[in-house]
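Working notes for the structure below.
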There are 2 protein chains.
Amino acid sequence: MKITSRFTVAVHTLLVIYLFGGERKTTSEFIAESVQVNPVVIRRTLLSLKAAGMIEVKAGSGGASIVKDLKDITLYDVYRAVDSVEGELFHFHENPNPACPVGKNIHSLLDGHLSDAQRAMENELKKTTLADLSGELAEKIRAQAPAQA
Amino acid sequence: MKITSRFTVAVHTLLVIYLFGGERKTTSEFIAESVQVNPVVIRRTLLSLKAAGMIEVKAGSGGASIVKDLKDITLYDVYRAVDSVEGELFHFHENPNPACPVGKNIHSLLDGHLSDAQRAMENELKKTTLADLSGELAEKIRAQAPAQA
DNA sequence: TCTTGTTGTAATCTTATTGATTACAGCTAT
DNA sequence: ATAGCTGTAATCAATAAGATTACAACAAGA
């Protein structure tokens, strides 16, 4: 099983707001066209990002803007903002038999190790900021620009 | 979304085979009673573990036994054996719009970082062997034993 | 103020994935 | 040959995610 695409959608959303925020109104519909998902999915994403204090959304007139320095937003922050994983990453079988010594102890035996693994993944996400990504993106766009006269 | 319970079921299965293998025949039904899942689920697990060279299953007469040193089986090996995650851990939105500079580059922008995160998690799983777990388990069982005369 | 475009949010539907369950052929040891 | 298991296919049910429809509330400009 995979981690929900809400996460990559949210990162995509932030980058679109950042890149186009200056020149046009970034509505849920506009963002949805870039991500290629239903606008309602984007609205839900925007709500999560707003709740996390990363963006501001204009009710009524429309459009979102970033209100936090991209240097201060890590991939982990976005991952958390949209609840990419609710609680534990690993799914345990629910009812191990407590009458069996293995069933009785399997949870306490594995929990620590599985938490460590999950934490290692999450810590890795903390290493990359949205500023890093927007920098990499700008570079790619520049490299892809048509040759100038 | 969470990682399938096949993983914890497989670890549980190996520990049951290890702990009871000496004194009784560890059939899929017996293991299923400890894990509390359907015996067919255990049979499928046994097939995976067998394919990974960790156990041997006696067709016909029944029962499984471990054929690889527990020191040489890490949690990562079990994780792989049962395909806990098929390929990528993170699920990408499928069709970002290539006509948008963000949609065009989002994949190459994120792939490396997401792979790093997944790898960090998997490397953490490599640190724990089944021998470690069986040792911890033995200790827990000893601590839980009723006081002796 | 009326109109238009947009957000916030609920409700429903579809699809995918899992694990549960049933069923049974084939094998092995007694 | 019999009884007990495994290997495996087929089906079913439950869960979760995203798609989609619908609409009230609201903000800004005509």
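Residues B:Arg80 and B:Asp77 are not paired through a salt bridge, judged by the lack of any N-O separation under 4.0 Å between the basic side chain and the carboxylate. Under 4.0 Å is where a charged nitrogen must lie from a carboxylate oxygen, and between B:Glu124 and B:Lys127 at least one such pair does.
When rounded to the nearest whole Å, the span between CD of B:Glu29 and P of C:dT21 equals 13 Å. With rounding to whole Å, B:Ile17 atom CD1 is found 10 Å from D:dT6 atom P. One atom, CD1 of B:Ile31, and another, C1' of D:dC5, lie 12 Å apart when rounded to the nearest Å. Atoms CG (A:Asp83) and C1' (D:dG18) sit 16 Å apart, rounded to a whole Å. Here C:dA16 presents its P atom at 14 Å from CD of B:Glu86, a figure rounded to the nearest Å. Following rounding to the nearest Å, B:Phe92 (CZ) and D:dA17 (C1') show an atom-to-atom distance of 18 Å. In this structure, B:Glu88 atom CD and C:dT17 atom C1' are separated by 18 Å, rounded to whole Å. Atom CZ of A:Arg6 and atom C1' of D:dG18 are 10 Å apart (whole Å).
Under a 3.5 Å cut-off, the side chain of A:Lys140 and the backbone N or O of B:Lys104 do not form any donor-acceptor pair.
Taking the six-membered ring for Trp and thresholds of 30 and 60 degrees, A:Phe20 and A:Phe30 have ring planes more than 60 degrees apart, a perpendicular arrangement. The aromatic rings of A:Tyr79 and A:Phe7 sit perpendicular, their planes meeting at an angle over 60°, well past the 30° parallel limit.
The phosphate of D:dT15 has neither OP1 nor OP2 within less than 4.0 Å of any side-chain N or O from B:Lys2. Applying the 4.0 Å criterion to OP1 and OP2 of D:dG4, one finds that B:Thr27 has every side-chain N and O outside that range.
Within a 6.0 Å sphere centred on NZ of B:Lys58, other residues, nucleotides and ligands contribute 12 heavy atoms or fewer.
Interface residues of residues 33-44 of chain B facing DNA chain D, ordered by number: B:Val40, B:Arg43, B:Arg44; criterion, heavy-atom separation under 4.0 Å.
Checking D:dC5, D:dT6, D:dG18 against every side-chain atom of A:Ser5, the shortest atom distance belongs to D:dG18. For B:Ser61, whose side chain is taken as the heavy atoms from C-beta onward, the closest listed nucleotide among C:dA29, C:dT7, D:dT6 is C:dA29.
The residue A:Leu46 sits apart from the nucleic acid: no heavy atom pair falls under 4.0 Å.
For A:Asp111 and A:Ser108, the side-chain atoms include no donor-acceptor pair closer than 3.5 Å.
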